[in-house]
2 protein chains.
Amino acid sequence: MANESPLPEEDLRQALELLFFAYRGFTGEADAILADFGLGRAHHRVIYFVKRNPLLSVNALLSILKITKQSLSRVLGQLVREGFIDQKTDKVDRRRRTLILTDKGDELEARLTACQTARISRAFEATGPDGVEGFKKVLIEIINEEDRRDYTGGAPHTG
Amino acid sequence: MANESPLPEEDLRQALELLFFAYRGFTGEADAILADFGLGRAHHRVIYFVKRNPLLSVNALLSILKITKQSLSRVLGQLVREGFIDQKTDKVDRRRRTLILTDKGDELEARLTACQTARISRAFEATGPDGVEGFKKVLIEIINEEDRRDYTGGAPHTG
DNA sequence: CAATATGTGTCAATATTACTGACATAATTT
DNA sequence: AAATTATGTCAGTAATATTGACACATATTG
């Protein structure tokens with residue numbers, strides 16, 4: 001009767017904690033940069049997904065972020081006013097506003113992403129390719145099915 | 001000159017997105033349960049770490065959560081008033097209040113953790129033990145050094 | 001013992017991110 | 001023409017967090 005060590009529940013609890021601390025850690029540095037611009041994490045998410053999905057519509061962005069349009073409005077409005085994002089009327093459907101980063105927005109995005117990917121990169125190097133595969137596989141399984149489409153695992157959004 | 005595929009940056013961006021969607025997914029279900037009790041994610045964090053570190057002091061909890069004591073006060077106060085957490089004066093240092101879950105608190109914690117660990121457990125099973133090792137290793141590397149002490153990777157807090 | 005430091009709690013004011021509900025406008029589709 | 005879609009905006013509210021100030025009890029140090 002060999003006792004499993006550690007117990008499954010202990011293992012799973014450790015995984016919960018890993019996610020909590022890792023998420024907090026990897027958002028912290030970017031938050032500090034954003035604060036210098038008077039922006040918060042919500043702005044980062046918008047900038048990030050607009051970078052990833054150029055010419056994204058407002059609705060498509062809402063469906064990725066899963067927030068209300070009133071919440072997005074404040075954040076997106078500020079980013080447009082302050083010149084991080086350009087909003088243009090879509091050519092084929094003139095109700096739509098397509099979103100794209102300005103040069104200024106692109107620069108900020110690059111800086112924010114650089115600091116986060118540096119952290120991930122160090123972790124990947126310390127772990128090795130097999131571990132990285134496991135990391136990705138587990139996270140993909142954790143993600144809600146509906147969200148897997150939004151995860152840009154190879155295929156960017158079409159609009 | 002074989003081209004790496006996918007490019008490192010693309011790989012790293014995918015990892016950022018995985019963390020974002022996974023974190024959002026795995027907090028969502030617990031948030032829904034908490035809402036039934038008029039509680040939020042902040043209450044969950046307190047309940048969770050008190051469960052993990054029985055007889056934790058308020059200061060120790062603050063240093064794990066890295067929030068201000070004014071923020072904790074509202075959350076912890078509510079949990080004590082509503083009977084989820086017991087606060088007792090420490091025997092050796094009577095300035096300290098030690099925190100411990102009541103039966104009611106323990107029951108809620110079990111329910112919240114069960115729904116989160118179920119998700120993780122499914123992901124672990126779908127991935128297999130080697131992948132799980134990689135998952136853990138990468139996350140540990142992502143975590144700030146200061147936070148690694150708070151991650152209960154085997155050793156619970158002592159006070 | 002007196003002074004200082006520590007642990008906790010609380011008051012007040014503010015910020016960020018989010019929510020619901022209601023309504024307006026423009027453009028597209030039926 | 002009517003209905004639907006995409007977007008925007010106004011008003012009110014909530015949860016989570018912040019900073020700063022202060023009070024009090026207890027412990028430690030000189």
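The chains referred to below are lettered A, B, ... by the order of the sequence lines, with proteins before strands, and numbering in each begins at 1.
Counting to the nearest Å, the C1' atom of dT25(C) and the CG atom of D93(A) are 15 Å from each other. As a whole-Å value, the separation of H44(B) NE2 from dA17(D) P is 13 Å. The distance between atom CG of L76(A) and atom P of dA18(C), rounded to the nearest whole Å, is 13 Å. Taking atom NZ on K88(B) and atom C1' on dT8(C), their separation rounds to 18 Å, with Å as the unit. Residue L39(A) contributes atom CG, which lies 16 Å from atom P of dA15(C) at whole-angstrom precision. Rounded to whole angstrom, the span from the CD atom of Q87(B) across to the P atom of dG7(C) amounts to 15 Å. One atom, CG of D31(B), and another, P of dA15(D), lie 13 Å apart when rounded to the nearest Å. If you take CG of L61(A) and C1' of dG8(D), they are 15 Å apart, rounded to a whole angstrom.
Side-chain nitrogen and oxygen atoms of S71(A) include at least one within less than 4.0 Å of the OP1 or OP2 phosphate oxygen of dC19(C). The phosphate of dA26(C) has neither OP1 nor OP2 within less than 4.0 Å of any side-chain N or O from R94(A). Applying the 4.0 Å criterion to OP1 and OP2 of dT16(C), one finds that R74(A) has every side-chain N and O outside that range. A close approach under 4.0 Å does not occur between any side-chain nitrogen or oxygen of R97(A) and OP1 or OP2 of dT7(D). The phosphate of dA17(D) (OP1 or OP2) has a side-chain N or O of R45(B) nearer than 4.0 angstrom. Contact annotation: N59(A) side-chain N/O to dT5(D) OP1/OP2 distance is not under 4.0 Å. At dT16(C), none of the side-chain N or O atoms of H43(A) fall inside 4.0 Å of OP1 or OP2 (strictly under the cut-off). Distances shorter than 4.0 Å separate none of the side-chain N or O atoms of Q70(B) from OP1 or OP2 on dA12(C). For the pair T68(A) and dA18(C), the criterion of a side-chain N or O lying under 4.0 Å from OP1 or OP2 is not met.
Remark: the Y48(B) side chain and the E109(B) side chain contain no N/O donor-acceptor pair separated by less than 3.5 Å.
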Check your understanding: Stepwise, does the side chain to side chain contact (heavy atoms under 4.5 Å, CB included) test hold for T113(A) with R13(B)?
Key -> CA-CA 8 Å; T113(A) 294; R13(B) 280 184 183 272; 3.7 Å; yes

Point to revise | Intermediate values then yes/no, side chain to side chain contact (heavy atoms under 4.5 Å, CB included), L79(A) and V50(A) | key: CA-CA 11 Å; L79(A) 291 171; V50(A) 170; over 6 Å; no

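The aromatic rings of F124(A) and F135(A) lie perpendicular to each other, with more than 60° between the two planes, well past the 30° mark. Taking the six-membered ring where tryptophan is involved, the planes of F21(B) and F49(A) are tilted, since the angle between them lies from 30° to 60°.
Within 3.5 Å, a donor on the side chain of K69(B) pairs with an acceptor on the base of dG9(C), or the reverse. Looking at R95(A), its side chain comes within 3.5 Å of the base of dT5(D) through a donor and an acceptor atom.
At a threshold of 4.0 angstrom between heavy atoms, the contacts of Q78(B) with the nucleic acid are absent. Counting any heavy atom pair closer than 4.0 Å across all strands shown, V80(A) reaches no nucleic acid atom. In this structure, R41(A) reaches the sugar-phosphate backbone alone: every heavy-atom distance under 4.0 Å involves primed, P, OP1 or OP2 atoms, never a base.
Ring pair Y23(A)/F26(A): centre-to-centre distance below 6.0 Å.
Set against dT8(C), dT16(D), dC23(C), the side chain of S57(B) has dT8(C) as its closest nucleotide. When distances are taken from the side chain of A42(A) to each of dT17(C), dT16(D), dG8(D), the shortest belongs to dT17(C).
Residue order along DNA chain C, read from the 5' end via each residue's closest nucleotide, puts V58(B) first among V58(B) and G38(A).
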